[in-house]
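What's counted below: heavy atoms across the whole structure, side chains too, no hydrogens, waters or symmetry copies.
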Amino acid sequence: MLQQDKPEDFVIATGVQHSVREFVTLAAERLGIKLTWEGRGVKETAVDQSGATVVEVDPRYFRPSEVETLLGDPAMRTSGLDGSLQ
């Protein structure tokens, strides 16, 4: 990206969508922590094996124009940067 002849904006994406819940679950598994998800929406929490709440939703961090889903288009990465998805 830094070696481009002309400056451009790039979105680096895979075109594959994952939720925050999936990311947190995988990160916890790598740390040897098994999480159980309880509740829904802003009342959703993740608890560990001991029953301690380790993740909870904090509405203060919602964006004013929150969208339901985000999915990046990898086309610029594969065509504009001479790269391929692996």
Trainee: Does a side-chain heavy-atom distance below 4.5 Å link Trp37 with Val47?
Mentor: no

Trainee: Using the rule that two of Ile, Leu, Val, Met, Phe, Trp, Tyr join whenever any of their side-chain heavy atoms come within less than 4.5 Å, decide whether Val54 and Val20 are in one cluster.
Mentor: yes

Trainee: Between Glu44 and Arg21 (salt bridge meaning N to carboxylate O under 4.0 Å), is one present in this structure?
Mentor: yes

Trainee: Could you grab the distance from atom CG of Asp48 to atom NZ of Lys34, nearest 0.5 Å is fine?
Mentor: 11.0 Å

Trainee: Rounded to the nearest 0.5 Å, what separates atom CD in Glu38 from atom OG1 in Thr45?
Mentor: 5.0 Å

Trainee: Are there over 12 heavy-atom neighbours, none belonging to Gln17, within less than 6.0 Å of that residue's CD?
Mentor: yes

Trainee: For a 4.5 angstrom cut-off between non-hydrogen side-chain atoms, does Thr25 reach Glu29?
Mentor: yes

Trainee: More than 12 heavy atoms of other residues, nucleotides or ligands under 6.0 Å from CZ of Phe62: yes or no?
Mentor: yes

Trainee: So, does Asp58 use its side chain to make a donor-acceptor pair with the main chain of Tyr61 at under 3.5 Å?
Mentor: no

Trainee: Report yes if the side chains of Leu35 and Val24 come closer than 4.5 Å at any heavy-atom pair, otherwise no.
Mentor: yes

Trainee: Can you check whether Val16's main-chain N or O pairs, donor with acceptor, with Thr14's side chain at less than 3.5 Å?
Mentor: yes

